[in-house]
Amino acid sequence: LQTLPPLKLALKYFQIFPEERDPLWQNPCHDKRHKDIWSKEKTCDRLPKLLVIGPQKTGSSALHSFLSLHPAISSSFPNPVTFEEVQFFSGPNYQHGIDCTDFLFEKSANYFDSESAPKRATALLPRAKIISILINPADRAYSWYQHQRAHRDPVALKHSFSEVISAGSSSPADLRSLQSRCLQPGAYSSHLERWLRHYQPSQLLIVDGTLLRSSPAQVMDGIQKFLGVTPYFNYTQALMFDESKGFWCQRLEAGRPRCLGKSKGRKYPDMSPETRAVLSEYYREQNVELLRMLKHIGQPLPIWLRDELQNAS
Ligand code: A3P
């Protein structure tokens, strides 16, 4: 029987099992043998029980701030680069191991359309609850485009929204790349299907983002029930509509509002009806499939989805 010094042994091991170079963390607390050798300072209640997976531009920051008001729910620490997002399952933190996750809930809006996040999430958090927020994918794409412009993306600044969504295969690569990043997260049923390969339908809640925007207290009541958290938190008292912001905000003790920053709830012109019609057609099949999927797994249908499919038929 031969062996090697640790480093050489490790190199040999990864030569034989190259597929294991990319780690897949599992929860040490689910296996007594792992738990026994885990550091005494680490506890089993530090991993998130809830993931808010996005997608981007659907109201995920508003949901994050509303969830954080609940006395029994605590959120991830802000990430210095992305601010409130940890992006453990899709970003470089994953390589650093599970000590990075110290939270009861994590919101990272790009998990939704990430290839790797569902598999990694279920390996570590098989019992977690998953919340996804959906708005009309046409509005999501438009909001995302406006977000890119606000961040001075040169391609978004150079091209109108209509040019971005209608760019053909002979268009420049940078325009095609922006188009794909703009449109691809809106293929809701395909992305949800990937999550449902790893999580039971009962672990998933689809939040109607349009309702979250207009009636957040009602949505937050549904979320409290879904999570089974106590005590019941009265969001009708905790939130107030701010006329100048045009959105619901936290009600501070003095009765003043605390709203999300300028980058959430931006002011920009309405999408033109022609562009909306193009996107309605573009997303039609995905939306029909989403309707079928939500009915199949017994989730309430978002109002925007009914409206969209009624208008399109
Ligand atoms: P716009 O800025 O395009 O209006 P996310 O946090 O996932 O990036 O989503 C941003 C979107 O959340 C905003 O897009 C806005 O429409 C929506 N939103 C919903 N409720 C909100 C609230 N209470 N305050 C601010 N934005 C809210």
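Atoms within each ligand, like the ligands themselves, are counted from 1 in listed order. One-based numbering along the sequence shown. A quick note: this is a predicted structure, and the numbers were derived from the prediction, not measured.
Tyr232 and Ile223 fall into different hydrophobic clusters, where Ile, Leu, Val, Met, Phe, Trp and Tyr side chains are chained together by heavy-atom contacts under 4.5 Å.
When ring centroids are compared, Phe247 and Phe241 stay outside the 6.0 Å threshold.
In this model, no donor atom of one side chain and acceptor atom of the other lie less than 3.5 Å apart for Gln250 and Ser65.
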Listing, residues 14-21 side-chain donor-acceptor contacts under 3.5 Å, not counting sequence neighbours, or none:
{"from": "Glu20", "atom 1": "OE1", "to": "Tyr13", "atom 2": "OH", "distance (Å)": "2.7"}

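Note: no N/O pair closer than 3.5 Å links Lys245 and ligand 1 by distance alone. Considering backbone and side-chain N/O of Gly265, one or more are found under 3.5 Å from N/O of ligand 1. For ligand 1, the polar-atom distance check finds an N/O of Arg266 within less than 3.5 Å of one of the ligand's N/O atoms. Close N/O approach between Phe247 and ligand 1 is not found [any backbone or side-chain N/O within under 3.5 Å].
For atom 20 (N) of ligand 1, the candidate residues are Ala62, Ala109, Gly59, Ser61; the nearest heavy-atom contact is made by Ala62. Among Phe241, Tyr142, Trp144, Trp248, the residue whose heavy atom lies closest to atom 23 (N) of ligand 1 is Trp248.
You'll find the side chain of Thr58 stays beyond 4.5 Å of the side chain of Phe112, heavy atoms only. At a threshold of 4.5 Å between non-hydrogen side-chain atoms, the residues Lys107 and Ser61 count as touching.
Assignment of Lys57 to the shell around ligand 1 is supported, since a heavy atom sits closer than 4.0 Å. Ligand 1 is approached by Thr58 to a heavy-atom distance shorter than 4.0 Å. For Tyr268, the heavy-atom gap to ligand 1 drops under 4.0 angstrom.
One finds a salt bridge joining Glu115 and Arg194 here, because a Lys/Arg side-chain nitrogen approaches an Asp/Glu carboxylate oxygen to under 4.0 Å. We find that Arg276 and Asp139 are joined by a salt bridge, their nearest charged nitrogen and carboxylate oxygen being less than 4.0 Å apart.
The Leu260 neighbourhood of ligand 1 comprises atoms 24 (N), 25 (C), with distances under 4.0 Å to a heavy atom of that residue. Of all the atoms in ligand 1, the ones that sit under 4.0 Å from a non-hydrogen atom of Ser143 are 1 (P), 3 (O), 14 (O).
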